[in-house]
**Q** 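If you scroll down you'll find the structure; I have some questions about it.
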Amino acid sequence: MTVVTRFAPSPTGYLHIGSARTALYNWLFAKHHAQYGSGGRFLLRIEDTDRQRSTQQAVDAIIDGLRWLGLDWDGEALSQFSRIARHAEVAHQLLAAGNAYKCYCTPEELQEMRDAARRAGRPVRYDGRWRGRDPAEAPKGVDPVIRLKATTEGETVIDDLVFGHITVGNDQLDDMVLLRADGTPTYMLAVVVDDHDSEITHIIRGADHQRNSFRQLQIYRAQGWQAPLFAHLPLIHGADGAKLSKRHGAVGVETYREEGFLPEALCNYLLRLGWSHGNDEIISRDQAIEWFGLDAVGRSAARFDRDKLASVNGHYIRQTADAALVDLVLPRLKASLKGGFAVDASTRLMKGMAELKERAQTLVELADNAAFYAHTRPLPMDGAAAKTLDTAARSRLRALRDRLAGVDGWSAAGLEKATRAYAEGTAVKLGQVAQPLRAALTGGTASPGIFDVMEILGRDESLGRLDDVLAAAK
RNA sequence: GUCCCCAUCGUCUAGCGGUCUAGGACAUCGCCCUCUCAAGGCGGGAACACGGGUUCGAUUCCCGUUGGGGACGCCA
């Protein structure tokens with residue numbers, strides 16, 4: 001049997017980090033079955049029936065996010081809105097079959113009903129007052145909604161692929177609205193119809209949909225349709241243990257992209273957040289496809305830990321080819337350095353990347369650390385660097401300057417040798433010379449090995465930067 | 001309030017009755033390396049929520065308590 005999964009986001013303006021994980025799991029599940037089972041497809045459907053919220057930009061944000069993460073879908077993305085006629089058709093079938101009925105309650109009446117229930121400590125739900133009522137009693141001028149005539153006795157059980165048996169009494173499920181007064185379908189109806197028509201076999205979605213699944217199951221039953229299998233994913237929480245939302249800060253995938261996280265790293269982190277394969281932490285996409293299964297998905301909610309994400313990102317940065325990192329970092333540097341962007345920045349970055357990438361957890365950090373390579377003279381000094389360049393340090397640099405200038409070939413090894421010889425000759429620790437050098441050449445107090453830096457900068461640039469500092473001292 | 005679900009280090013997790021004096025990763029602390037910062041190596045501290053069962057034996061199974069989360073829309 002071919003597995004068919006889907007990701008069905010509603011366009012809210014960004015791809016939520018939790019939705020991204022849901023998409024990833026659906027994608028992996030389908031890919032796994034495509035490669036190691038008897039077939040798998042992953043579909044994308046945009047739940048855009050709420051016309052107010054659904055803008056093209058919001059849809060684009062989701063699609064961009066998925067593309068960036070490398071989660072491709074089979075076929076065209078389906079617009080749920082394009083299928084409202086079909087949804088209405090099913091609602092009317094349900095009505096004709098006696099599995100649904102018209103309800104003439106006004107929104108105010110429903111609100112009162114809920115308030116009263118809450119006050120009395122009763123469960124808050126529709127009391128079914130139009131369930132058996134004669135439509136002849138319908139009030140004038142009120143357009144009815146169509147509600148499902150839900151089963152009231154017994155219980156509904158889901159054999160959840162991650163939670164196991166979950167049960168709810170049918171008396172807990174009320175007669176939900178299928179078709180609004182204006183004739184448009186509700187989410188509850190549209191999802192079921194679309195999932196059925198698309199022949200979805202596995203619905204993998206957040207645990208916040210658990211209750212919806214029970215209710216939707218009743219629609220499948222009423223239509224005599226075979227229901228798909230359900231797998232609910234524990235939610236991702238913020239540091240405070242509550243469902244991850246805007247108030248927790250960055251919640252959209254594109255924010256992480258801007259903050260310099262690699263898509264592979266984000267996917268790896270998200271994969272491990274709620275799913276495990278023994279003690280494996282860094283898992284390639286191919287391995288993930290091979291190993292992924294719903295049985296290893298955890299059942300408790302996980303807190304989003306940015307530090308761990310950053311650590312994983314650091315791993316991926318170190319794994320990424322130098323040239324690719326240069327391409328990623330160059331635009332960031334051009335934007336931040338503006339006019340101070342040196343012509344041979346790209347060449348220097350390429351040479352220095354191997355050492356640079358050991359020292360960064362994000363592309364933002366990488367760009368910051370690489371800025372001294374890309375900057376034109378004179379280099380700006382940060383506070384600590386300026387402090388390092390005190391009178392004593394400057395005089396040492398002045399003495400060292402010509403020795404360096406005399407080094408044949410300007411290689412890191414030769415420069416180091418000359419510097420060490422100078423330090424030994426003047427009974428000064430290497431650090432007392434190397435740190436001022438670092439400050440003068442990079443404008444900071446932390447950098448890759450300073451002799452490598454000098455080699456990459458080249459003789460003219462290095463000496464020039466040194467002279468800038470020495471001249472400023474006069 | 002009603003219903004559903006969850007429960008191992010600070011965090012993510014391994015564990016699927018005895019292999020547990022509970023393993024890994026992130027974070028944290030210390031040491032090594034060292035021209036700085038990283039990376040890397042070594043090491044330390046840190047958890048089975050509680051109470052009952054079941055069993056020869058429970059982190060693992062069952063029940064309860066406590067704690068936490070989610071859902072209760074003519075939103076999706």
Side-chain angles (χ1 to χ4, degrees), chain A residues 8-12 47-50 52-54 80 103 105-107 110-111 114 117-126 143-147 160 163 166-169 171-174 176-182 184-188 190-191 206-212 214 232 234-235 237 239 241-243 269 272-282 295 298-312 314 318 355-361 365 369 384 388 416 419-420 423 429-439 442 444-451:
Chain A
S10 56
T12 49
E47 311 254 306
D48 54 358
T49 49
D50 185 334
Q52 265 75 44
R53 281 193 227 175
S54 305
Q80 187 158 67
C103 165
C105 287
T106 61
L110 292 170
Q111 192 54 49
R114 291 188 200 104
R118 217 177 281 271
R119 256 182 277 121
R122 290 196 317 268
V124 181
R125 48 186 119 84
Y126 176 67
D143 290 326
V145 300
I146 295 180
R147 285 183 183 271
D160 194 296
F163 284 98
I166 49 176
T167 308
V168 71
D171 56 347
Q172 302 298 325
L173 273 18
D174 63 4
M176 65 211 164
V177 173
L178 264 18
L179 218 53
R180 300 188 184 96
D182 64 3
T184 61
T186 60
Y187 160 79
M188 216 57 84
V191 177
D208 51 343
H209 280 282
Q210 198 168 289
R211 197 177 197 82
N212 292 337
F214 284 118
H232 293 96
L235 300 182
H237 286 173
K243 188 176 173 179
Y269 175 71
R272 279 288 289 108
L273 195 65
W275 176 88
S276 61
H277 183 268
N279 282 334
D280 294 306
E281 295 287 347
I282 300 298
D295 47 326
R299 287 178 302 178
S300 47
R303 299 188 188 201
F304 190 83
D305 182 356
R306 194 194 165 88
D307 283 348
K308 182 142 184 182
L309 202 211
S311 165
V312 173
R318 276 170 255 137
E355 275 199 273
L356 247 17
K357 70 182 180 184
E358 295 286 319
R359 297 166 164 76
Q361 288 197 313
E365 252 183 76
N369 296 344
T388 300
E416 176 164 3
T419 307
R420 281 185 187 276
K429 283 188 184 169
L430 182 60
Q432 291 179 278
V433 192
Q435 268 310 84
L437 260 182
R438 170 169 286 111
T442 71
T445 51
S447 81
I450 196 60
F451 304 110

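Naming convention: chains lettered A, B, ... in sequence-line order (proteins, then strands); numbering from 1 in each chain.
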**Q** Figure out the CZ/C1' separation between A:Phe163 and B:C6, and round it to whole Å.
**A** 7 Å
**Q** Do A:Thr442 and A:Arg438 pair up side chain to side chain, a donor and an acceptor below 3.5 Å, judged on atom types alone?
**A** no
**Q** What integer distance in Å separates A:Glu281:CD from B:U11:P?
**A** 16 Å
**Q** Classify A:Gly206 by what it touches in the nucleic acid, base, sugar-phosphate, or nothing, heavy-atom distance under 4.0 Å.
**A** nothing
**Q** Quick one: is B:A39 close enough that its OP1 or OP2 comes under 4.0 Å of any side-chain N or O from A:Arg318?
**A** no
**Q** Would you confirm whether A:Arg180, through its side chain, and A:Pro185, through its main-chain N or O, come within 3.5 Å as a donor-acceptor pair?
**A** yes
**Q** When you compare B:C37 with B:U28, how far apart are their P atoms, in angstrom units rounded to a whole number?
**A** 15 Å
**Q** By the 4.0 Å heavy-atom rule, please label A:Arg299 as base, sugar-phosphate, or nothing.
**A** sugar-phosphate
**Q** Name the nucleic acid region contacted by A:Ser447, choosing base, sugar-phosphate or nothing; use a 4.0 angstrom heavy-atom cut-off, strictly under.
**A** base
**Q** With a non-hydrogen cut-off below 4.0 angstrom, is A:Pro448 in contact with a base, only sugar-phosphate, or nothing?
**A** base
**Q** Does A:Ser276 place a side-chain N or O at less than 4.0 Å from the phosphate oxygens OP1/OP2 of B:A14?
**A** yes
**Q** A:Ala120 or A:Trp275: which one's nearest nucleotide on RNA chain B is closer to the 5' end?
**A** A:Ala120
**Q** Applying a 4.0 Å non-hydrogen cut-off, can you work out what A:Arg438 is touching in the nucleic acid: base, sugar-phosphate, or nothing?
**A** base
**Q** Quick test of your reading of the model: are A:Lys357 and A:Glu365 salt-bridged, counting only N-O distances below 4.0 Å?
**A** no
**Q** Can you check the A:Leu437 CG to B:U36 P distance for me, whole Å?
**A** 13 Å
**Q** So, A:Gln172 versus A:Arg125: side-chain donor-acceptor pair below 3.5 Å or not?
**A** yes
**Q** Say we look at B:C56 and B:U65: how far apart would their P atoms be, to the nearest angstrom?
**A** 28 Å
**Q** Keeping the roles fixed (side chain from A:Arg359, backbone from A:Glu355), state whether a donor-acceptor pair exists under 3.5 Å.
**A** yes
**Q** Send over the distance from A:Glu355 CD to B:A39 C1', rounded to a whole Å.
**A** 11 Å
**Q** Tell me, for nucleotides 69-76 of chain B in 5' to 3' order, what letter each nucleotide earns: B for a base near a protein heavy atom under 4.0 Å, S for only sugar-phosphate near one, - for neither?
**A** SSSSSBBB
**Q** Quick check for you: among B:C5, B:G24, B:C26, whose closest atom lies nearest to any side-chain atom of A:Gln210?
**A** B:C5
**Q** Between B:U13 and B:C6, how many Å separate the two C1' atoms, rounded to a whole number?
**A** 15 Å
**Q** Going by ring-ring contact (aromatic ring centres under 6.0 Å, His included), name the residues that satisfy it together with A:Tyr269, two or more places apart in sequence or in a different chain.
**A** A:Phe304
**Q** With a 3.5 Å limit on both atom pairs, tell me what B:C16 is paired to, counting Watson-Crick and G-U wobble, or say none.
**A** none
**Q** Can you tell me if A:Arg272 uses its side chain to pair, donor with acceptor, with the backbone of A:Trp275 under 3.5 Å?
**A** yes
**Q** Once you apply the 3.5 Å cut-off to both distances, tell me the Watson-Crick or G-U wobble partner of B:U55, or none.
**A** none
**Q** May I have the distance from A:Asn369 (atom CG) to B:U36 (atom P), rounded to whole angstrom?
**A** 17 Å
**Q** Rounding to an integer number of Å, can you tell me how far A:Leu430 CG sits from B:C33 P?
**A** 15 Å
**Q** Walk me through whether A:Ile146 and A:Val177 qualify under side-chain contact (heavy atoms from CB on, under 4.5 Å).
**A** CA-CA 6 Å; A:Ile146 295 180; A:Val177 173; over 6 Å; no
**Q** When the P atoms of B:C50 and B:A22 are compared, how many Å lie between them, rounded to an integer?
**A** 16 Å
**Q** Using atom C1' of each nucleotide, how far apart are B:A46 and B:C32 to the nearest Å?
**A** 23 Å
**Q** Taking 4.0 angstrom as the limit, do A:Glu358 and A:Arg318 come out as a salt bridge?
**A** no
**Q** What does A:Ser311 touch in the nucleic acid at a heavy-atom separation under 4.0 angstrom: a base, only the sugar-phosphate, or nothing?
**A** sugar-phosphate
**Q** Watson-Crick or G-U wobble partner for B:A49, using a 3.5 Å limit on both distances?
**A** B:U65
**Q** Say you pick atom P in B:A49 and the same atom in B:C9; how far apart are they, in whole Å?
**A** 7 Å
**Q** Has A:Asn369 got a side-chain atom pairing as donor or acceptor with A:Ala360's backbone, closer than 3.5 angstrom?
**A** no
**Q** Ignoring the backbone of A:Gln172, work out which of B:C37, B:A25, B:U2 is nearest its side chain.
**A** B:U2
**Q** Just the rounded figure in Å: distance from C1' of B:C35 to CZ of A:Arg359.
**A** 11 Å
**Q** Using atom C1' in both nucleotides, what's the gap between B:G51 and B:A58 to the nearest angstrom?
**A** 15 Å
**Q** For the side chain of A:Ile450, counting heavy atoms from C-beta on, which of B:U13, B:C35, B:C3 is nearest?
**A** B:C35
**Q** Between A:Lys308 (NZ) and B:A27 (C1'), how many Å, whole number?
**A** 10 Å
**Q** Please determine, for B:G1, whether a Watson-Crick or G-U wobble partner exists with both distances under 3.5 Å, and give it or none.
**A** B:C72
**Q** Taking atom C1' in both B:U66 and B:C20, compute the distance separating them and give it to the nearest angstrom.
**A** 26 Å
**Q** Between B:C5, B:C3, B:C35, which one does the side chain of A:Ile166 approach most closely?
**A** B:C5
